[in-house]
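Take a look at the structure below.
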4 protein chains.
Amino acid sequence: MANGGTEPALSAKRSLRHATRAERIAARREAILSAALNEFSARGFEAARLDDVAKRAGVVKGTIYQHFPDKEALFEELIRWMFRPLVGTLKANIDADMPARMILERVAELFVRDVYHTSRKEVMRLLIIDGVRFPRVADSYYREVVVPVNDAVRTLLRRALDRGEITENAMVRFPQLLVAPWVVAIVWRGLFEHLEPLDVRGLLRAHLDQLFGAGAAQDGP
Amino acid sequence: MANGGTEPALSAKRSLRHATRAERIAARREAILSAALNEFSARGFEAARLDDVAKRAGVVKGTIYQHFPDKEALFEELIRWMFRPLVGTLKANIDADMPARMILERVAELFVRDVYHTSRKEVMRLLIIDGVRFPRVADSYYREVVVPVNDAVRTLLRRALDRGEITENAMVRFPQLLVAPWVVAIVWRGLFEHLEPLDVRGLLRAHLDQLFGAGAAQDGP
Amino acid sequence: MANGGTEPALSAKRSLRHATRAERIAARREAILSAALNEFSARGFEAARLDDVAKRAGVVKGTIYQHFPDKEALFEELIRWMFRPLVGTLKANIDADMPARMILERVAELFVRDVYHTSRKEVMRLLIIDGVRFPRVADSYYREVVVPVNDAVRTLLRRALDRGEITENAMVRFPQLLVAPWVVAIVWRGLFEHLEPLDVRGLLRAHLDQLFGAGAAQDGP
Amino acid sequence: MANGGTEPALSAKRSLRHATRAERIAARREAILSAALNEFSARGFEAARLDDVAKRAGVVKGTIYQHFPDKEALFEELIRWMFRPLVGTLKANIDADMPARMILERVAELFVRDVYHTSRKEVMRLLIIDGVRFPRVADSYYREVVVPVNDAVRTLLRRALDRGEITENAMVRFPQLLVAPWVVAIVWRGLFEHLEPLDVRGLLRAHLDQLFGAGAAQDGP
DNA sequence: GATGAATGAGGGTTCATTCAT
DNA sequence: TATGAATGAACCCTCATTCAT
């Protein structure tokens with residue numbers, strides 16, 4: 001799991017010598033996605049310039065159009081490329097046969113390590129705002145990330161309810177309550193981190209304490 | 001409280017006949033802010049065109065620059081203009097001498113009615129993303145909204161803790177946990193409402209149930 | 001002669017207390033001209049903003065239009081206001097009954113003191129370029145300054161020729177040759193002074209040496 | 001020498017058919033410079049509109065920015081493009097082993113033909129005024145034109161002094177005196193030509209007569 | 001006469017997209 | 001497939017001028 005979902009770009013860069021033509025093309029495609037990640041993160045979708053994306057990817061602006069039909073499609077593909085590898089890992093964790101709190105602690109740690117401390121958090125922020133203007137992006141994210149995650153969360157909590165590990169069914173009806181602190185953490189970081197840093201792990205643990213009581217946490221970092 | 005902080009623009013538009021010069025100027029300023037609210041909400045800060053703002057406000061583009069030095073300053077003032085009137089009402093509610101749950105239910109209702117069901121939710125979304133690029137905006141929002149609200153929340157929950165109304169101090173340490181469902185609701189609405197509508201009141205009530213247990217809610221709608 | 005043609009603005013500013021209405025209006029008019037002098041000099045006619053002129057004059061933009069029909073007319077009047085007082089002094093010097101070289105040395109000194117070391121040199125530069133686009137300005141300068149000066153110069157040199165003080169009639173045919181070093185000095189100062197300072201008095205004296213030979217100058221500084 | 005430094009634009013426009021890609025790009029660059037020459041000359045740097053430059057060059061406004069980073073850089077390059085080819089010819093003439101008067105007559109003719117009767121005179125006028133606001137332009141002109149010319153003039157006149165061809169060293173100390181009539185001619189043409197035409201060749205010859213006496217000129221046109 | 005808010009016509013510059021090489 | 005010059009549609013902002021107070 002350690003490298004489960006980090007930086008797709010990394011694998012694309014190794015050993016361009018001895019690469020087949022197809023591999024070189026794929027590598028270039030990933031270089032563009034990786035550059036887009038950085039530029040979109042730094043400036044937002046509208047303000048990001050394809051010229052800068054190209055420069056960072058080591059290609060020329062026209063080349064981007066060999067791989068993606070337009071700027072919006074590049075954005076869509078970026079979202080998919082960033083989050084698809086993560087969903088599997090997430091589901092695997094949630095479906096594990098362990099006490100709910102332990103699972104949720106692992107999931108929290110997964111979020112911290114593979115989203116909050118990577119550039120994925122930037123992409124989430126991009127999605128939050130620019131998704132409004134690009135329904136296709138939001139739709140694909142909904143299908144590929146939100147629905148699977150929410151379903152898994154519901155299943156998990158229903159089981160926990162049956163087992164008596166929790167007594168409230170709030171989160172079964174509103175799985176969004178589980179990810180709410182994640183969203184807040186990302187938003188806070190973007191806006192107020194320089195004014196008042198936020199202890200994300202503390203925040204997530206406090207949240208679990210609300211759910212399960214402050215009883216001893218299992219599975220320390 | 002009902003109309004405590006809604007739509008500053010509305011009052012400004014009535015009866016421009018018989019208005020003094022100063023009143024007409026102020027009205028025009030508010031018309032611009034109101035138009036900016038709509039355009040920025042619909043397209044985001046970057047993509048919004050001042051030409052459209054002007055057209056919607058019934059003035060000419062140059063007039064905007066009589067009232068605001070540039071586009072960014074207009075954005076800043078928009079945030080302030082939208083949220084300043086709300087903070088007082090919010091604090092008054094939180095400081096009331098009532099059981100914590102009742103207070104939080106009232107506050108939730110305030111959010112639903114005066115933010116979620118008004119264009120303020122759009123401004124919050126604007127802040128979330130574009131605030132990153134305009135630290136002054138984020139800073140002023142932090143000082144004028146975040147800090148007062150978080151302080152009030154802390155006081156409230158500490159009192160609730162003392163009185164034995166709750167047993168967890170999670171939210172004292174992380175007042176962000178109270179507003180987390182608000183943020184999620186706003187984000188969800190922007191992205192996924194058309195795919196899966198969200199019952200915001202239900203969400204907030206479920207959240208309170210998590211905190212206090214599902215015991216009878218006081219102060220129904 | 002010392003104060004013969006300096007800064008028309010100065011006299012306008014004294015004693016606004018006890019001034020009649022007409023005097024106050026005239027003073028304001030001169031304040032605007034003086035401000036225009038500064039702004040036009042610093043930025044050129046096109047780039048100078050009437051808002052800045054107004055600010056510097058201590059009035060509001062609209063007020064300028066009470067005194068001058070438009071920007072171009074302000075420019076025209078500025079030229080006249082700056083140079084008219086100088087022409088009389090200049091002619092008086094040239095017409096004096098003295099040896100030509102002595103007269104020309106006095107005239108050179110007049111140029112250095114009342115043009116080159118005052119803001120008039122800026123106005124001359126303005127005239128040189130922007131005059132091209134505003135023929136009315138050039139025309140009035142031609143009539144009021146160029147023709148009288150050239151006529152006086154011709155008379156002077158014809159007399160000097162008759163008296164045997166000089167042997168060449170070049171300057172009688174081309175009085176422009178007398179002012180050529182003046183023009184060069186002004187241009188040089190605008191462009192290259194910071195790279196290579198120019199000794200203007202030396203330049204003018206060397207020029208006279210060419211005309212009369214290096215024989216002892218009369219009329220030291 | 002006849003065509004030594006005239007109109008760089010002319011050669012660039014011939015035969016765009018059968019041109020290599022690089023040649024076409026260079027031709028377009030020159031077309032833009034040539035158009036800028038015309039527009040800047042006609043209206044001045046500030047007032048000239050890049051839209052008109054583009055139209056005249058037969059390109060679209062954006063294309064200008066492919067070749068020059070901004071309007072000012074276009075101006076700078078224009079100056080260099082116009083005068084660089086001339087300096088070599090000028091120095092070659094001055095350094096020739098001939099009597100000083102003959103050399104200066106040839107140089108005068110060079111000025112008349114390749115500056116005064118070409119659009120270079122317009123560029124000189126542009127430099128005179130707008131150079132003040134763009135020191136980089138003035139600086140590069142100083143290095144590339146003024147210094148070489150002044151140095152050559154000094155050398156020439158020192159030699160003439162040694163040979164007894166002249167007796168005054170005024171111009172050795174102030175080489176600006178040689179070009180003073182040039183500057184005056186250009187300024188006069190811009191402002192007063194329509195009121196009183198100026199015989200430039202006569203002016204320059206009269207100037208040489210002042211220096212050498214009216215003795216027979218050598219090397220008529 | 002003085003004010004200053006309002007006007008409105010561009011101006012320079014940017015940038016996603018196209019296309020000939 | 002990659003290139004990068006060319007395109008052209010906007011966009012933000014400026015500023016001379018007007019006019020109601």
Side-chain angles (χ1 to χ4, degrees), chain A residues 21-22 24-25 28-29 32 45-55 57-74, chain B residues 20-22 24-26 28-29 32 46-54 57-72 74, chain C residues 21-22 24-25 28-29 46-55 57-74, chain D residues 20-22 24-26 28-29 32 46-54 57-72 74:
Chain A
R21 175 179 171 82
R24 264 181 288 115
I25 291 175
R28 202 167 289 231
R29 184 189 145 92
I32 293 170
F45 176 76
E46 287 283 351
R49 291 170 305 192
L50 288 190
D51 235 338
D52 291 341
V53 172
K55 213 162 286 165
V59 299
V60 126
K61 198 162 39 164
T63 304
I64 294 177
Y65 287 84
Q66 301 284 345
H67 296 271
F68 306 92
D70 60 16
K71 197 186 183 189
E72 181 177 348
L74 173 58
Chain B
T20 69
R21 178 178 169 84
R24 264 181 290 114
I25 289 174
R28 209 173 282 243
R29 184 190 145 93
I32 292 170
E46 290 279 354
R49 292 172 304 187
L50 288 189
D51 236 337
D52 292 340
V53 172
V59 299
V60 134
K61 200 164 32 167
T63 303
I64 296 176
Y65 288 85
Q66 293 282 343
H67 296 272
F68 307 94
D70 58 16
K71 198 186 182 188
E72 181 176 347
L74 174 57
Chain C
R21 174 178 171 82
R24 265 182 287 114
I25 290 176
R28 201 166 290 231
R29 182 189 147 93
E46 287 282 351
R49 290 171 304 193
L50 288 189
D51 234 337
D52 292 341
V53 172
K55 213 162 288 166
V59 300
V60 126
K61 195 161 41 163
T63 305
I64 294 177
Y65 287 85
Q66 302 284 345
H67 296 270
F68 305 93
D70 59 16
K71 198 186 182 188
E72 181 176 347
L74 174 59
Chain D
T20 69
R21 178 178 170 83
R24 262 180 290 115
I25 290 173
R28 206 172 288 238
R29 186 190 144 91
I32 293 170
E46 289 281 353
R49 292 172 302 186
L50 289 189
D51 237 337
D52 292 340
V53 172
V59 299
V60 135
K61 201 163 33 161
T63 303
I64 295 176
Y65 287 84
Q66 292 281 343
H67 296 271
F68 308 93
D70 58 16
K71 198 186 182 188
E72 181 176 347
L74 174 58

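Numbered from 1 within each chain, the chains take letters A, B, ... in sequence-line order.
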- Query: Just to confirm, is there a sub-4.0 Å distance from OP1 or OP2 of dA5(F) to any side-chain nitrogen or oxygen of T63(D)?
  - Reply: no
- With sequence neighbours excluded, residues passing salt bridge (Lys or Arg N to Asp or Glu O under 4.0 Å) with K71(A): none
- Note on the structure: Closest heavy-atom pair, Y65(B) versus D70(B), reported as atoms and distance to 0.1 Å, is CE2-CA, 4.0 Å
- Find the distance between NZ (K61(D)) and CG (D51(D)) and round it off to the nearest 0.5 Å. 4.0 Å
- Can you find a side chain N or O atom of H67(C) that sits less than 4.0 Å from OP1 or OP2 on dG1(E)? no
- Item | Inter-axis angle, terminal five-pair segments of the helix from dA2(E)-dT21(F) to dT21(E)-dA2(F) [nearest 10°] | 0°
- Item | Nearest-angstrom distance from the residue atom CZ of F68(D) to C1' of dA6(F) | 15 Å
- Note on the structure: Assert: residue with more 5' nearest nucleotide on DNA chain F, out of G58(A) and G58(D), is G58(A)
- Message: I'd like to check I25(A) versus R29(A) (side-chain heavy atoms, cut-off strictly below 4.5 Å). Are they in contact?
- Response: no
- Item | Gap between atoms CD1 and P, on I64(D) and dT13(E) respectively (whole Å) | 10 Å
- Note on the structure: Rounded to the nearest 0.5 angstrom, the CD1-CD distance for I64(B) and Q66(B) is 11.0 Å
- Query: Once you round to the nearest 0.5 Å, how far does CG of L74(B) lie from NE2 of H67(B)?
  - Reply: 11.0 Å
- Under 4.0 Å: is that the gap between some side-chain N or O of R28(A) and OP1 or OP2 of dT1(F)? no
- Message: Within the 4.0 Å limit for protein heavy atoms, which parts of nucleotides 14-21 of chain E are touched? Write it as a string from 5' to 3', B for base, S for sugar-phosphate only, - for none.
- Response: BSBBB---
